[in-house]
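Read the numbers this way: they start at 1 and go in the same order the structure lists the ligands and their atoms. All of these numbers come straight from a predicted model, not from anything done at the bench. We're numbering straight along the sequence, starting at 1.
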Amino acid sequence: MGLGRKIIVVDDAAALAVAAADRVVARIDSNPGRIAICLTGGSSPKQLYDVLGKEPYRSQIPWDRVHWFIGDDRFVKTGDPLNNMSMARGIFLDRCAPAANIHPIPTEAHSPYEAARLYEEQLKSFYGANVLDPPQPLFDLVLLGVGPDGHIASLFPGYPAIEVTDEWVVGVSEAHVAPFVPRVSLTLPALGSCHEMLFELSGADKRAIMTRVLAGKDLPANRARSYEGETVWLCDRAALPENFRA
Ligand code: 6PG
């Protein structure tokens with residue numbers, strides 16, 4: 001059973017990106033072997049990606065040993081401005097990481113369901129087994145943001161995908177919030193198979209959902225956690241409800 005959720009509060013978005021980068025590097029340093037990091041989409045991680053691709057962080061990352069996956073993607077072609085992995089590639093991966101270490105969801109597939117099946121195969125082959133073994137997590141680190149409805153990755157509240165436990169990746173035909181394109185998402189058990197799950201929440205726009213999260217509402221964001229490792233919520237002051245800010 002993983003440790004409980006730890007909330008770390010920082011001043012603002014810039015401090016949040018640096019605190020997240022420090023955690024990414026610390027996590028990498030703790031594993032002398034092959035490292036797997038599961039990135040997230042949306043706008044929350046952009047500053048972190050920018051920081052990781054620049055000094056002093058860039059030279060602290062052993063790029064040959066680090067593999068980059070993505071927790072969900074919009075079912076649009078590579079290079080489309082809505083594509084999450086293309087966003088991460090554009091900000092830092094294409095400049096820093098060997099191409100063979102970048103593992104996008106294959107959104108060129110015929111359907112989100114086919115893309116999900118293909119990505120699940122890739123993950124299983126990388127992991128070296130078809131069943132997740134809790135003491136041997138799939139990922140060193142999983143990054144997540146939280147949507148206004150409490151979704152994480154593309155696991156939306158009340159949708160069947162949030163309940164899936166026998167698949168690692170699922171196709172989601174309709175999104176619950178914009179952009180309204182089909183999605184492909186890792187499931188809770190695949191995301192939870194990590195040494196650390198790191199959420200990033202910044203800005204006053206997150207305050208309403210953060211209030212619901214902290215009130216313990218049944219939301220995907222409250223169900224997502226590292227099964228055997230740490231679950232850390234990095235928040236800036238603006239994202240917190242008033243009574244939590246002090
Ligand atoms: C996506 C995501 C999604 C995102 C949250 C938060 O494809 O949209 O991966 O889960 O992380 O919606 O998005 P923001 O960071 O833009 O608020």
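- Between Phe199 and Trp233, the ring planes lie parallel to each other; the angle is under 30°, not in the 30° to 60° tilted range.
- For the pair Arg34 and Phe126, the cation-pi criterion (under 6.0 Å, within 45° of the ring axis) is fulfilled.
- For the pair Val146 and Ile209, the tightest heavy-atom approach, listed with the atom from each and the gap, is CG1-CG1, 4.0 Å.
- Set against the non-hydrogen atoms of Ala153, the atoms of ligand 1 under 4.0 Å away are 2 (C), 3 (C), 10 (O).
- Distances below 4.0 Å separate heavy atoms of Asn84 from the following atoms of ligand 1: 1 (C), 7 (O), 9 (O).
- Residue contacts with ligand 1: Pro45 is placed with no nitrogen or oxygen under 3.5 Å of a nitrogen or oxygen of the ligand (distance criterion only).
- In terms of protein heavy-atom proximity, atom 5 (C) of ligand 1 is nearest to His151 NE2, 3.6 Å.
- For atom 13 (O) of ligand 1, the nearest non-hydrogen atom of the protein is Gly42 CA, 3.9 Å.
- Residue Asp72 approaches ligand 1 through these ligand atoms, each under 4.0 Å from one of its heavy atoms: 1 (C), 2 (C), 7 (O), 9 (O).
- Interface of Gly41 with ligand 1, defined as ligand atoms under 4.0 Å from a residue heavy atom, comprises 9 (O), 11 (O).
- Annotation: atom 17 (O) of ligand 1 to nearest protein heavy atom, Lys206 NZ, 2.5 Å.
- Side-chain contact check for Pro106 versus Glu114: every heavy-atom pair is 4.5 Å or farther apart.
- Ligand 1 places these atoms under 4.0 Å from at least one heavy atom of Arg74: 1 (C), 7 (O), 8 (O).
- Using cut-offs of 30° and 60° on the angle between ring planes, the pair Phe92 and Tyr49 is parallel.
- Within the listing of ligand 1, atoms 9 (O), 11 (O) sit less than 4.0 angstrom from a heavy atom of Thr40.
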Apply side-chain hydrogen bond (donor to acceptor under 3.5 Å, both in side chains) to residues Thr78 and Asn83 and explain how you reach the verdict. CA-CA 6 Å; Thr78 306; Asn83 188 281; 5.0 Å; no
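- The atoms of ligand 1 that sit less than 4.0 Å from any heavy atom of Arg183 are 1 (C), 7 (O), 8 (O).
- Here's the thing with Ser44: one of its N/O atoms is less than 3.5 angstrom from an N/O atom of ligand 1.
- A parallel orientation is assigned to the rings of His103 and Phe69, their planes being inclined by less than 30° (bins at 30° and 60°).
- Comment: Asp73 does not engage Arg183 in a salt bridge, judged by the lack of any side-chain N to carboxylate O separation of less than 4.0 angstrom.
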